[in-house]
Amino acid sequence: MGCSSPLLMIDMLHSFYSLAEKKVVSIGGGGGEVTDDDTELVGSSHGWVALFNERSGDVFLWNPISRRRINLPPIDTLPAKAVIKVILSSSPDESECRVVMSYVPENRLAFCCPGGSNEWTPIGAWFHVDEEEDGVKIRARVYEDFAYCKGQNRLFCVTQFGDLERWDLGDPSSPRIDWSNEEDEEVMYTDSELEEAISLITLKYIVVDEQSNRVFIVERKIVMHVGPDDTYPYKTVGFKVYKIEMDGPTGSLDARTEPSAYHRRIPDTWTALLG
């Protein structure tokens with residue numbers, strides 16, 4: 001079975017929907033030998049799926065085509081209670097591959113080199129500091145999403161406060177931020193935008209266009225408890241797409257461009273799958 005187009009998983013490592021063939025395909029044997037009731041899917045990238053076993057604490061990669069398994073360092077080297085999400089920078093067979101994960105508590109980040117690391121290396125600050133009129137407030141930073149741009153060979157991440165960071169993980173012993181929007185000017189919002197922000201929940205995703213190496217922030221607007229008697233838990237009511245502009249060591253979102261005008265500059269073939 002070819003794997004040049006995306007496959008959407010229907011059940012754990014057995015049935016997939018082929019976007020190219022527009023049909024469900026099955027893989028003989030599935031992944032029963034590596035999964036049980038305590039195993040959770042926490043990511044998929046470059047033909048591999050990432051799995052976390054809550055009971056044993058094991059984190060590992062599994063290729064449903066070749067049926068290979070690659071064990072990752074145990075999470076007991078971190079103050080981690082559970083794994084939220086795992087991504088790969090490239091195939092784990094490549095020496096420069098980096099595996100990045102977010103974990104509980106508070107969506108913190110760590111990375112490792114598959115096959116070359118005995119433990120996870122934490123990255124990113126744990127707290128967000130705000131200087132307000134009534135004093136300094138310290139809150140959990142909470143990395144909301146992250147993605148790897150192979151063309152730039154950098155990790156991009158965004159926090160719940162809208163802080164953007166670009167990480168150089170080339171030297172596993174010395175990860176560093178080489179760009180952020182920390183010095184960006186405060187974005188002013190209109191009264192209608194503030195009202196919208198209060199009534200809606202906004203989720204942020206980082207999307208990489210691998211053909212152009214452009215990186216985008218996609219904001220998804222959600223209304224909770226929709227319908228009579230809260231028939232539906234939530235409803236997506238809109239999206240906004242912004243391109244990350246990088247000028248020197250600091251930069252900003254292309255946030256002052258109207259979303260409708262910006263959409264006109266995105267090719268019709270540009271499609272993003274959000275999970």
Side-chain angles (χ1 to χ4, degrees), residues 43 45-46 84-90 96 98-102 107-111 123-125 128-130 139-170 175-190 193 196-197 200-222 236 238-275:
S45 183
H46 298 278
I84 301 171
K85 176 182 174 179
V86 172
I87 66 169
L88 283 71
S89 66
S90 61
E96 67 272 17
R98 303 291 182 262
V99 178
V100 186
M101 78 167 178
S102 57
N107 288 49
R108 298 172 181 174
L109 296 181
F111 80 97
I123 58 173
H128 178 90
V129 179
D130 276 328
R139 303 180 179 90
R141 193 164 179 78
V142 182
Y143 284 92
E144 194 163 335
D145 198 25
F146 52 100
Y148 205 92
C149 179
K150 190 172 182 180
Q152 299 185 35
N153 199 25
R154 294 293 187 270
L155 173 73
F156 287 81
C157 37
V158 60
T159 74
Q160 66 172 344
F161 300 99
D163 301 322
L164 296 167
E165 299 171 355
R166 186 178 72 175
W167 284 82
D168 180 356
L169 306 180
R176 64 186 182 89
I177 295 178
D178 66 359
W179 175 89
S180 74
N181 69 337
E182 184 176 353
E183 298 180 9
D184 186 26
E185 297 179 357
E186 182 178 0
V187 177
M188 301 303 294
Y189 294 96
T190 65
E193 287 175 327
E196 177 186 83
L200 300 179
I201 292 177
T202 300
L203 299 181
K204 293 181 285 293
Y205 304 86
I206 292 188
V207 178
V208 176
D209 180 356
E210 295 185 355
Q211 292 184 341
S212 66
N213 293 323
R214 294 178 301 174
V215 184
F216 301 88
I217 295 289
V218 178
E219 289 186 350
R220 177 185 177 190
K221 304 292 184 178
I222 294 176
T236 299
F239 291 93
K240 289 184 178 180
V241 181
Y242 306 96
K243 186 175 74 171
I244 298 177
E245 299 285 0
M246 290 169 287
D247 299 317
T250 62
S252 65
L253 285 177
D254 186 13
R256 293 169 180 77
T257 301
E258 289 297 325
S260 58
Y262 186 73
H263 281 302
R264 288 198 292 270
R265 300 209 303 272
I266 297 177
D268 293 339
T269 56
W270 196 87
T271 303
L273 298 178
L274 303 178

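In this text the structure is predicted, and so the values were computed from the model without any measurement.
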**Q** Nearest 0.5 angstrom please: S45 OG to Y148 OH, how far?
**A**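 Between atom OG of S45 and atom OH of Y148 there are 11.5 Å.
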
**Q** What pair of heavy atoms forms the shortest contact from G124 to Y143, and how long is it?
**A**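 In terms of heavy atoms, the two residues are closest at CA-OH, 3.2 Å.
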
**Q** For the side chain of N181 and the backbone of G162, is there at least one donor-acceptor N/O pair under 3.5 Å apart?
**A**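 Side chain of N181 to backbone of G162: a pair is present.
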
**Q** Looking only at side chains, do R139 and Q160 share a donor and an acceptor under 3.5 Å apart?
**A** no

**Q** If you compare all heavy atoms of V208 against all heavy atoms of A147, which two are closest, and at what distance to 0.1 Å?
**A**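 It is CG2-CB, 4.0 Å.
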
**Q** Let me confirm one number: the CD1-NZ distance from I87 to K85, rounded to the nearest 0.5 Å.
**A**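 It is 6.0 Å, given to the nearest 0.5 Å.
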
**Q** Give, for atom CZ of R141 and atom CZ of R108, the distance between the pair rounded to the nearest 0.5 Å.
**A**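 So the CZ of R141 and the CZ of R108 are separated by 12.5 Å.
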
**Q** Hey, mind stepping through L164 and V158 against side chain to side chain contact (heavy atoms under 4.5 Å, CB included) and telling me if it holds?
**A** CA-CA 5 Å; L164 296 167; V158 60; 3.7 Å; yes

**Q** R98: what forms a side-chain hydrogen bond (donor to acceptor under 3.5 Å, both in side chains) with it, not counting sequence neighbours?
**A** none

**Q** Please give me the minimum heavy-atom distance between F156 and I244, naming the atom from each residue.
**A** CD2-CD1, 4.3 Å

**Q** Does E210 use its side chain to pair, donor to acceptor, with the backbone of K150 at less than 3.5 Å?
**A** no

**Q** Name the orientation class of the two ring planes belonging to H128 and F161 (parallel below 30°, tilted from 30 to 60°, perpendicular beyond 60°).
**A** parallel

**Q** Closest approach of D168 and G170, non-hydrogen atoms and distance?
**A**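 Closest heavy-atom pair between D168 and G170: OD1-N, 2.9 Å.
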
**Q** Measure the CD1-CZ distance between I222 and F239 for me, rounded to the nearest 0.5 Å.
**A**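 Here the rounded value is 8.0 Å.
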
**Q** Indicate the atoms forming the closest heavy-atom contact of E144 with T202, along with that distance.
**A** OE2-O, 3.6 Å

**Q** Checking side chain to side chain contact (heavy atoms under 4.5 Å, CB included) for the pair V100/L169: CA distance, chi angles, key distance, verdict?
**A** CA-CA 10 Å; V100 186; L169 306 180; 4.0 Å; yes

**Q** Any idea which heavy atoms bring V86 and M101 closest together, and the distance?
**A**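 Smallest heavy-atom distance, with atoms named: CG2-CB, 3.7 Å.
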
**Q** Does the D209 side chain pair with the main chain of R214, one donor and one acceptor, at a distance under 3.5 Å?
**A**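 Not at all, since once roles are kept as given, no pair shorter than 3.5 Å links the two residues.
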
**Q** Can you measure from CD1 (I123) to CG (L155) and round to the nearest 0.5 angstrom?
**A** 5.5 Å

**Q** Mind checking the SG-CD1 spacing from C157 to I206? Nearest 0.5 Å is all I need.
**A**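 If I round to the nearest 0.5 Å, the distance is 6.0 Å.
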
**Q** With the threshold set at 4.0 Å, does a side-chain nitrogen-carboxylate oxygen contact exist between D145 and K204?
**A**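 Between K204 and D145 there is no salt bridge, as every charged N stays at least 4.0 Å from the carboxylate O atoms.
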
